[in-house]
A.B. asks: 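Have a look at the structure that comes next, please.
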Amino acid sequence: MKFISFSILAAFLAVLTISHARAQEGAALPLQRGSYFILEGGWNAMAPTNAFNGLSLVNNRIKLKPGWALSAAGGYKWSNGLRTELEASYHRNTYRNVYTPFINNPVSGRQVTGSVMANVLYDINTGTRVTPYFGGGVGVTMVWMKDLTYLITSTGSPITTFLNHESARVAFQGIVGVAIAVAPQFEIVMDARYRVSNGHTFRTLNVVGTYNSYSKYNVHEVTAMAGFRYAF
């Protein structure tokens, strides 16, 4: 989290420095048309998910703690206000607990997701430096279970461990945000994203020597991020 805060602070300081250096070069205007690059960081949360446990043959309820996210994208803005872009993102959350019928098992480990998305967005021209935007995207999300281990509450004994198991599925997302022009070619951006990727499956060797699996594992993530956009 400290790394994310430092990255965002550094990005804003860079924008302010460039804004001051170019103050005499012309007014800061929203991006009109052309190529751009975006870098963002911020907060990420995943909704609780049900996953079918192949060993016990029951659904488990899995909860994760809020985490952090990074995103980078490159794109092109067209003269009609539409933007097309390719985005890569990284999200990280730690597990909170796994609920099986009548048992709420403490867990350790983390979930990591990496996504590549093709986005289409629309900028709303307000005639000012502020440009709201909205859109969506489609792509692929890879999910890793990193050292997920949950324990039997009564004994504290480990019963399942998923070590770096991964699953890739199609993903969709919706995006809403705002850009603020602060210098020629530079904008501060703030947005929220909701990403869905369903039907993931993980398989592992249980600590008792049998195989276990999670299937029908759905990833529904909400991110709130801030950063900057540079047009070139």
A.B. asks: Might you point out which heavy atoms bring Gly42 and Met225 nearest each other, and give the distance in Å?
C.D. replies: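 Result for this residue pair: N-CG, 3.8 Å.
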A.B. asks: Between the side chains of Arg195 and Thr141, does any donor sit under 3.5 Å from an acceptor?
C.D. replies: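 Not at all, the side chains of Arg195 and Thr141 share no donor-acceptor pair under 3.5 Å.
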A.B. asks: If you define the side chain from C-beta out and look only at heavy atoms, does anything of Arg229 sit under 4.5 Å from Lys77?
C.D. replies: no
A.B. asks: Could you state whether Leu121 and Leu31 fall into the same hydrophobic cluster, counting links through intermediate Ile, Leu, Val, Met, Phe, Trp or Tyr residues with side-chain heavy atoms under 4.5 angstrom apart?
C.D. replies: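 Yes, same cluster.
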A.B. asks: Look only at the side chain of Asp191 and the backbone of Val178, and say whether a donor-acceptor pair between them is shorter than 3.5 Å.
C.D. replies: no
A.B. asks: Look at the side-chain heavy atoms of Ile, Leu, Val, Met, Phe, Trp and Tyr, link any pair under 4.5 Å apart, and say whether Leu86 and Phe232 land in one connected group.
C.D. replies: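 No, Leu86 does not connect to Phe232 through the hydrophobic network.
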A.B. asks: Please report the interatomic distance NZ(Lys146) to CD(Glu166), rounded to the nearest 0.5 Å.
C.D. replies: 8.5 Å
A.B. asks: Flag the pair Tyr95 / Lys63 as yes when at least one side-chain heavy-atom distance between them is below 4.5 Å, and no otherwise.
C.D. replies: no
A.B. asks: Would you call Val143 and Gln111 a side-chain contact if the rule is heavy atoms closer than 4.5 Å?
C.D. replies: yes
A.B. asks: To the nearest 0.5 Å, what is the distance between OG1 on Thr201 and OH on Tyr217?
C.D. replies: 12.0 Å
A.B. asks: Are Phe172 and Met117 connected into the same hydrophobic cluster when the rule is that any two of I, L, V, M, F, W, Y join if their side-chain heavy atoms are below 4.5 Å apart?
C.D. replies: no
A.B. asks: Applying the 4.5 Å side-chain criterion to the ILVMFWY set and letting contacts propagate, would Met142 and Leu70 be lumped into a single cluster?
C.D. replies: yes
A.B. asks: Take Gln173 and Glu87 through the side-chain contact (heavy atoms from CB on, under 4.5 Å) test and state the conclusion after the steps.
C.D. replies: CA-CA 11 Å; Gln173 71 175 355; Glu87 173 203 356; 2.8 Å; yes
A.B. asks: Do the side chains of Ile124 and Phe134 get nearer than 4.5 Å, heavy atoms only?
C.D. replies: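 A side-chain contact under 4.5 Å exists here.
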A.B. asks: Is there a path of hydrophobic side-chain contacts, each under 4.5 Å between heavy atoms of I/L/V/M/F/W/Y residues, joining Val182 to Phe37?
C.D. replies: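 Shared cluster, yes.
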A.B. asks: How close do Ala51 and Ile62 get, heavy atom to heavy atom, and via which atoms?
C.D. replies: CB-CD1, 4.0 Å
A.B. asks: Mind checking whether Arg96 and Leu64 have side chains closer than 4.5 Å, heavy atoms only?
C.D. replies: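 Arg96 vs Leu64: side chains apart.
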A.B. asks: Students often mix this up, so state it plainly: with edges at 30° and 60°, are the rings of Tyr90 and Trp68 parallel, tilted or perpendicular?
C.D. replies: tilted
A.B. asks: Using 30° and 60° as the class limits, which term best fits the ring planes of Phe202 and His200: parallel, tilted or perpendicular?
C.D. replies: parallel
A.B. asks: Apply side-chain contact (heavy atoms from CB on, under 4.5 Å) to the pair Ile188 and Phe228, showing each step before the final yes or no.
C.D. replies: CA-CA 4 Å; Ile188 294 172; Phe228 68 89; 5.6 Å; no
A.B. asks: Quick check: do Trp78 and Thr84 have side-chain heavy atoms less than 4.5 Å from each other?
C.D. replies: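 Yes, their side chains come closer than 4.5 Å.
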A.B. asks: Roughly how far, to the nearest 0.5 Å, is OG of Ser89 from CD of Glu40?
C.D. replies: 10.5 Å
A.B. asks: Regarding Arg83 and Tyr36, is there a side-chain donor-to-acceptor distance under 3.5 Å anywhere?
C.D. replies: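 Present: a donor and an acceptor within the cut-off.
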A.B. asks: Using 0.5 Å steps for rounding, measure from the CD1 atom of Ile180 to the CZ atom of Phe186.
C.D. replies: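 Reported to 0.5 Å precision, the distance equals 15.5 Å.
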A.B. asks: Yes or no on side-chain contact (heavy atoms from CB on, under 4.5 Å) for Leu82 and Tyr122, after CA distance, side-chain angles and deciding distance?
C.D. replies: CA-CA 5 Å; Leu82 285 176; Tyr122 180 75; 3.8 Å; yes
A.B. asks: Determine, stepwise, if the pair His220 / Thr49 fulfils side-chain contact (heavy atoms from CB on, under 4.5 Å).
C.D. replies: CA-CA 8 Å; His220 293 190; Thr49 181; over 6 Å; no
A.B. asks: Check for a donor-acceptor pair, side chain of Asn93 on one end and backbone N or O of Lys65 on the other, with a separation under 3.5 Å.
C.D. replies: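 A pair under 3.5 Å: yes.
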A.B. asks: CZ/Arg92 to OG1/Thr94 distance, rounded to the nearest 0.5 angstrom?
C.D. replies: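 Going from CZ on Arg92 over to OG1 on Thr94, the span is 8.5 Å.
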A.B. asks: Please name the pair of heavy atoms, one in Ser197 and one in Ala171, separated by the smallest distance, quoted to 0.1 Å.
C.D. replies: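 The pair with the smallest heavy-atom distance is CB-CB, 4.0 Å.
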A.B. asks: Do Glu187 side-chain atoms and Gln185 backbone N/O form a donor-acceptor pair below 3.5 Å?
C.D. replies: no
A.B. asks: Looking at Thr223 and Trp43, would you say the former's side chain and the latter's main chain have a donor-acceptor pair under 3.5 Å?
C.D. replies: no
A.B. asks: Within this structure, what is the CG-OG distance for the pair Asn50 and Ser215, rounded to the nearest 0.5 Å?
C.D. replies: 11.5 Å
A.B. asks: Search all heavy atoms of Asn198 against all heavy atoms of Val219 and return the closest pair with its distance.
C.D. replies: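 Taking Asn198 first and Val219 second, the nearest heavy atoms are OD1-N, 4.3 Å.
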A.B. asks: Side chains of Asn119 and Glu85: any donor to acceptor distance under 3.5 Å?
C.D. replies: yes
